[in-house]
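Values reported hereafter were calculated over all heavy atoms of this structure, with side chains retained and with hydrogens, waters and symmetry mates removed. Throughout, a chain's letter reflects where its sequence line sits, starting with A, and its residues are numbered from 1.
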2 protein chains.
Amino acid sequence: MSSLPHLRLDDPRSTLLRAAIAEFAERGEAGARTDAIARAAGVNKALLHYYFGTKQALYAAALDTILAGLKEHYLGLLAGPGSAGLRILRYVRANFDRMASSRDYARVLGHEMMRARSGASASLPHMAQTYFGPLHAQVCAALAEGIRSGEFRALDPAQTALTLTGANVFYFIAAPVLAEVTDRDPREPDMLRLRRAAILDHAAALLFEDRAAGQAMARALLEASPDLPPEP
Amino acid sequence: MSSLPHLRLDDPRSTLLRAAIAEFAERGEAGARTDAIARAAGVNKALLHYYFGTKQALYAAALDTILAGLKEHYLGLLAGPGSAGLRILRYVRANFDRMASSRDYARVLGHEMMRARSGASASLPHMAQTYFGPLHAQVCAALAEGIRSGEFRALDPAQTALTLTGANVFYFIAAPVLAEVTDRDPREPDMLRLRRAAILDHAAALLFEDRAAGQAMARALLEASPDLPPEP
DNA sequence: TAACGGTTTAACCGTGTGGTTAATATGTCC
DNA sequence: GGACATATTAACCACACGGTTAAACCGTTA
């Protein structure tokens, strides 16, 4: 996008962007207030328009920042070495870790999903085409490969991809409700560790023809990286 | 709530409520416009305040209407006859059918989840305590029972309950995004049938110690009620 | 130091929105 | 038919919000 945007984290533009991501994550684009973003960034509201033009453009920039590099990361894992089973489990783990390590990521995406009624979101078609589409296709391809090789059960790849991401995403989307129901914060490290183990176990149990082998693979992956990356 | 509210579907109050549910489902409480609701109901905006007082109260009424009777229905299924496996699968199917048959249900709940940042939603604590809490507890109890009896694998009940609802809910929450990615409407009857079969198969594969038996049970449940209830 | 470009601010503006009010319609009982 | 309660409306209001404007600030260079 710009030439060297990722250094200098204390210039007003970056500060605004970070404040915007937090605000959009909490309230969505419609609910976010530009005043609040500017105030949180310790900056005049006009400066926001000076750098980003409109609220919608700021939102697009926030989305781009959040999604930057993520597609490549996921596609890399899915196309990497190892059996289809190993690659899918690696992807599931990476997806979980990404959401666990950034409080805003899952919620921004959640708001985007909610906003996306037929043709109402300006950013949706772009995001679907450049991000979700290729990702979904690649997950389906890996699933199909595993089914062909006999490593996976006879599954519908598209449906299975949805179940996997759904199980993964829902935990974070529903986190505030969950906190109310269970009296524990789902983002607490202990809770995250529990969920991380569960999601890998569930994915393995769902996918593999030889369930015991799949679960062993999931456990190995878990032990290979037992700790979550810290919040950036 | 009131004495005889559910008859006479063409009085202004009911019309307003239905219009409100549709509007809240599309845009959430923050995004919904009272003007638009009144206009959709073919009624003056002041009448909305005459009947419901404030937008927030209207939203609460909409939530109550959507959730009315649902908890009893689900709890009934979970406490009904049959093994834990059968009851859980019946519940999963009922949950799916509910979301499939009402375009608004899942999306209203989705918006409510998004809105529920720490202590910001007035309706969340009430909903969590009277609705989600008991339901979650009952699902966990059924899961624990199945684990104890050996029908299910050794699972963490709470985590498993989350995976099940997540896989179920996500499909409908993400429907607009999905439509963009796959070029087919996920709410099309054919797509719903596919998803319905998949969700039951996935639940069975995830839960049962004897996977083949579980899948047979899921298939039997599917054939017992092959068609979805129509949209009300 | 004066001119200049990029940066930042205080003050302002138009509009959309939730909510109010006062007046009018509608029905019902005597 | 008149009194009275319930419905329903047109017109209005206050204000929050996204966006604008013109001026001030600041570092650099001549």
Please tabulate, one pair per line, all N/O donor-acceptor pairs under 3.5 Å involving side-chain atoms of residues 130-142 of chain A, not counting sequence neighbours.
{"from": "Thr130(A)", "atom 1": "OG1", "to": "His126(A)", "atom 2": "O", "distance (Å)": "3.1"}
{"from": "Tyr131(A)", "atom 1": "OH", "to": "Tyr105(A)", "atom 2": "OH", "distance (Å)": "3.1"}

Can you name the residues that form a side-chain hydrogen bond (donor to acceptor under 3.5 Å, both in side chains) with [X], not counting sequence neighbours?
X	result
Tyr59(A)	Glu112(A)
Arg39(A)	none
Arg195(A)	Gln159(B), Thr163(B)

Pairing residues for Phe172(A) by the ring-ring contact (aromatic ring centres under 6.0 Å, His included) criterion, not counting sequence neighbours: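 Partners of Phe172(A) under the ring-ring contact (aromatic ring centres under 6.0 Å, His included) test: Phe96(A).
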Among residues at least two apart in sequence or on other chains, which ones pass ring-ring contact (aromatic ring centres under 6.0 Å, His included) with Tyr91(A)?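 Expected list: Tyr74(A).
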Checking [X] now: which residues fulfil side-chain contact (heavy atoms from CB on, under 4.5 Å) with it, not counting sequence neighbours?
X	value
Ala19(B)	Ile37(B), Ala40(B), Ala41(B)
Gln129(B)	none
Arg184(A)	Thr182(A), Glu188(A), Asp190(A), Met191(A)

Bend angle of the helix from dT1(C)-dA30(D) to dC30(C)-dG1(D), end axes from five pairs each (to 10°):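 The value is 20°.
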Hey, can you pull the residues of residues 42-53 of chain A with a non-hydrogen atom under 4.0 angstrom from DNA chain D?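 Listed by number, they are Lys45(A), Ala46(A), His49(A).
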Strictly below 4.0 Å, N to O, side chains only: are Arg33(A) and Glu23(A) in salt-bridge contact?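 Looking at Arg33(A) and Glu23(A), the cut-off is not met.
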Check whether any side-chain N or O of Thr34(A) sits under 4.0 Å from OP1 or OP2 of dG18(D), and answer yes or no.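 For Thr34(A), the contact criterion (side-chain N or O under 4.0 Å from OP1 or OP2 of dG18(D)) is met.
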Please give, in whole Å, the distance from dA10(D) P to Arg39(B) CZ?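 About 13 Å, once rounded to whole Å.
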Rounding to an integer number of Å, can you tell me how far Gln56(A) CD sits from dG18(D) P?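 Interatomic distance, CD of Gln56(A) to P of dG18(D): 13 Å.
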Sugar-phosphate only, base, or nothing, as touched by Ala32(B) at under 4.0 Å among non-hydrogen atoms: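 Here Ala32(B) touches the backbone only, sparing every base.
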On DNA chain C, which is the earliest and which the latest nucleotide, 5' to 3', with an atom closer than 4.0 Å to a heavy atom of chain B?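 From 5' to 3', the first and last contacting nucleotides are dT17(C) to dT21(C).
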